[in-house]
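The next block holds one structure in the form of structure tokens; read it before the comments.
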Amino acid sequence: MSLTTLLTSIFSEAFVRQGADASLGTVVVSRKPEVAQFQCNGAMAAAKALGKNPREIAEAVVADLSDRTEFEELSVAGPGFVNIRLADAFIAEHTRATAADDRFGIPRVPEPRTLVVDYGGPNVAKPMHVGHLRSSIIGDSIIRILRFAGHDVKGDIHMGDWGLQMGMVIVETERRMPGLPYFDPRFAGEYPAGSPVTMDDLQEMYPAISRECKEDTGLLARCQKATVELQTGRRGYVALWRHFVAVSMEAMKADFHRLGVDFDLWFGESSYEAAIPPMVERIRAEGHARLDDGAWIVDVAREDDNKPMPPVMLINSQGGTGYHTTDLATIEQRVGAFSADGILYVVDKRQSLHFEQVFRAARKTGIAPERVALEHLPFGTMNGKDGKPFKTRAGGVMRLNELIAMMTEEAGKRMLEAGVAQDYPDAERREIAEKVGMAALRYADLMNVRSADYVFDVERFTQFEGRTGAYLLYAAVRIKSILRKAADAGLAAGDIAEPATASERDLMLKLSAMPDALGDAVRERMPHHVCGYAFDLGQAFSRFYNDCHIMSEPDGARQASWLGLCDLVLREMEFLLGLLGIETPERM
């Protein structure tokens with residue numbers, strides 16, 4: 001466990017012995033490290049409950065704990081703050097215990113749950129662009145964090161493969177290649193095995209017809225009709241749609257592989273199509289839906305709503321289904337097929353209203369019982385320096401593969417400027433540049449509070465200094481270099497001894513805080529806690545490294561202890577980077 005957790009248990013018992021509630025013994029890291037390492041502020045609240053002077057209670061707690069060997073000094077400040085400074089022997093003992101634990105003192109959750117994380121969400125027939133970046137990277141990191149915590153987690157890409165864009169591409173294909181058998185309702189033979197279109201074709205076709213539909217209502221109606229016919233099983237359209245899905249998935253998997261993201265489930269909206277008719281029939285039979293101007297809807301507004309809450313559309317007036325219906329069927333399948341205890345949606349915050357509607361409908365209709373948590377984990381937009389959504393230099397939406405290539409190129413430039421890996425073979429240097437570029441990309445996205453917008457600055461994020469993924473990679477690789485040099489000199493890591501310097505002590509204290517950072521990340525589903533802790537750990541190690549000259553240290557026991565610290569920091573750092581989906585090179 002973390003030091004704050006351990007100290008809280010000690011202080012909680014002391015507060016109980018004073019007649020106060022155990023919760024008042026909470027210990028936190030001190031805001032004034034020059035005065036104390038930790039502090040406990042519960043005496044003020046205890047004074048109100050017990051009708052006593054807060055300083056008197058604080059002094060009684062300090063007296064109660066005066067013989068504990070964990071503490072070097074306990075003192076009372078102000079109206080009743082307890083300042084805590086730990087004994088070096090205790091700090092070293094806790095650090096050794098952390099080093100000996102494969103989980104670094106991080107406990108598993110007491111009640112593991114089965115969770116489905118819905119993230120990625122690309123659309124078939126559309127190129128993946130920077131808009132898919134945040135969902136993919138955040139979702140992937142959240143899954144890694146929750147799995148380490150002990151939950152059984154499944155990641156689902158939930159592709160958009162069944163909506164209006166499918167009808168649009170079908171119509172556009174027919175307009176360009178009307179002689180294909182897919183459009184002949186009398187054709188009864190086998191359809192061609194190969195796709196009539198490539199991903200490049202689809203990436204050009206969809207934007208073209210989408211723009212035209214905005215001006216031509218007749219064309220839009222034709223696309224809507226084609227969508228309904230696809231969804232109701234028109235044979236040629238289904239065969240053509242399968243080609244679109246296969247071509248798109250091949251391109252998606254290549255992009256996701258470069259991004260370091262994978263999915264347990266490659267389900268699209270179409271995967272739940274068969275479940276929709278019986279679900280809708282049950283909802284109507286139980287009286288949860290009503291007919292409104294030819295459409296079947298579910299009212300989800302409440303009397304206490306302070307803003308309009310539109311109804312959920314089950315079946316539109318043309319007989320088609322949309323995102324509301326598909327999402328409800330998806331929840332029903334996840335609860336039934338996977339026995340999900342929770343479903344987490346890593347989706348743009350601009351979709352908050354949609355998820356509020358769907359979650360309310362799922363509760364009202366019994367699709368999601370109260371035991372099943374439904375969580376929308378919203379994220380903000382990735383903007384350019386102008387504060388607007390990040391685009392290409394030409395002003396268009398940047399494709400994901402273009403962004404990855406740009407980050408790799410920029411990482412190569414920063415490596416050249418810093419003299420990193422310049423005497424390495426070309427192939428190794430290119431591999432390192434890609435890892436640095438991906439580290440910069442992922443860390444830049446994850447270090448921000450998930451729900452906030454942020455400005456994406458390619459040049460700044462690839463720097464080897466400051467709060468960047470490149471900096472963390474360099475810090476980890478530097479430790480690898482230290483340990484290699486030590487091994488070459490016949491030196492080995494030993495037991496971690498009591499700290500001899502302030503920077504060594506600070507590093508040990510920082511190492512003890514990882515369970516707190518991971519706990520915050522798990523509870524809040526916020527990877528930025530991991531990013532912040534990893535950076536702070538890198539900074540603490542840098543100060544230690546500058547103060548403690550490991551390879552020239554004459555005291556063998558002290559040198560072995562420092563190498564033990566290096567080994568622990570490296571293991572923690574690589575573990576943290578792994579939670580962020582960042583791979584560390586062996587050298588740079």
Side-chain angles (χ1 to χ4, degrees), residues 121-132 159-185 187 191-192 194-252 255 268-270 294-295 313 315-326 348 350-351 354 381 388-402:
N123 291 304
V124 166
K126 296 182 184 179
M128 285 183 61
H129 54 78
V130 294
H132 299 110
M159 291 178 292
D161 66 348
W162 206 236
L164 179 58
Q165 84 270 17
M166 295 291 91
M168 287 183 173
V169 181
I170 288 171
V171 170
E172 185 66 7
T173 304
E174 183 176 14
R175 294 204 301 175
R176 298 186 183 199
M177 295 173 274
L180 292 176
Y182 308 99
F183 310 113
D184 183 358
F187 183 79
Y191 292 107
S195 173
V197 295
T198 65
M199 192 62 205
D200 287 340
D201 294 331
L202 292 173
Q203 291 176 352
E204 185 272 323
M205 290 165 65
Y206 173 73
I209 191 169
S210 180
R211 285 192 299 269
E212 198 172 340
C213 281
K214 293 176 182 177
E215 305 295 331
D216 187 340
T217 56
L219 180 60
L220 176 60
R222 181 180 170 187
C223 294
Q224 291 170 333
K225 182 174 182 290
T227 303
V228 173
E229 290 179 339
L230 168 66
Q231 293 177 350
T232 53
R234 178 168 168 172
R235 183 170 171 267
Y237 286 4
V238 171
L240 186 58
W241 166 80
R242 288 196 178 107
H243 289 311
F244 298 158
V245 172
V247 167
S248 298
M249 280 190 65
E250 183 179 359
M252 285 178 201
D255 281 342
E269 293 169 343
S270 62
M313 178 80 69
I315 303 292
N316 63 34
S317 58
Q318 294 180 318
T321 59
Y323 293 127
H324 285 154
T325 319
T326 301
D348 191 323
R350 291 171 291 188
Q351 297 299 316
H354 168 81
T381 56
K388 298 178 181 179
F390 193 72
K391 295 183 180 295
T392 64
R393 290 186 178 90
V397 176
M398 180 170 286
R399 295 180 183 178
L400 192 56
N401 59 358
E402 294 173 336

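Because the structure is a prediction, the values reported are computed rather than measured.
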Residues in salt bridge (charged side-chain N to carboxylate O under 4.0 Å, His left out) contact with Arg235, at least two apart in sequence or another chain: none
Please find the pair of heavy atoms, one from [X] and one from [Y], that lie closest to each other, and give the distance.
X: Ala226; Y: Gly167; result: CB-O, 4.0 Å
X: His243; Y: Pro196; result: CD2-CD, 3.8 Å
X: Thr381; Y: Asp348; result: CG2-OD2, 4.5 Å
X: Ala125; Y: Ser248; result: N-OG, 2.9 Å

Aromatic ring pairing Tyr323/His354, orientation class (parallel under 30°, perpendicular over 60°, tilted between): perpendicular
Geometric class of the Tyr182/Tyr191 ring pair [parallel <30°, tilted 30-60°, perpendicular >60°]: parallel
Trace of the side-chain contact (heavy atoms from CB on, under 4.5 Å) decision for Met252 with Val124: CA-CA 9 Å; Met252 285 178 201; Val124 166; 4.1 Å; yes
Do [X] and [Y] come within less than 4.5 Å of each other through their side chains, counting heavy atoms only?
X: Val238; Y: Leu230; result: yes
X: Lys225; Y: Val171; result: no
X: Val169; Y: Trp241; result: no
X: Arg175; Y: Leu219; result: yes
X: Asn123; Y: Tyr206; result: no

Verdict with supporting geometry, Gln203 and Asp200, side-chain contact (heavy atoms from CB on, under 4.5 Å): CA-CA 5 Å; Gln203 291 176 352; Asp200 287 340; 3.9 Å; yes
Donor-acceptor contact below 3.5 Å, side chain Asn316 vs main chain Ala295: no
Sidechain-backbone polar pair: Thr227 side chain, Met166 backbone, donor-acceptor under 3.5 Å: no
Residues in side-chain contact (heavy atoms from CB on, under 4.5 Å) contact with Gln224, at least two apart in sequence or another chain: Leu164, Leu220, Ala221, Gln318
Those residues that, when tested against Arg176, pass side-chain contact (heavy atoms from CB on, under 4.5 Å) (two or more places apart): Glu172, Glu204, Met205, Ala208
For the atom pair [atom1] ([X]) and [atom2] ([Y]), what is the distance rounded to the nearest 0.5 Å?
X: Gln231; Y: Thr321; atom1: CD; atom2: OG1; answer: 4.0 Å
X: Gln165; Y: Ile209; atom1: CD; atom2: CD1; answer: 12.0 Å
X: Phe183; Y: Leu240; atom1: CZ; atom2: CG; answer: 5.0 Å

Full working for side-chain contact (heavy atoms from CB on, under 4.5 Å) between Glu174 and Arg222: CA-CA 12 Å; Glu174 183 176 14; Arg222 181 180 170 187; 3.4 Å; yes
Full working for side-chain contact (heavy atoms from CB on, under 4.5 Å) between Val197 and Met177: CA-CA 10 Å; Val197 295; Met177 295 173 274; 3.7 Å; yes
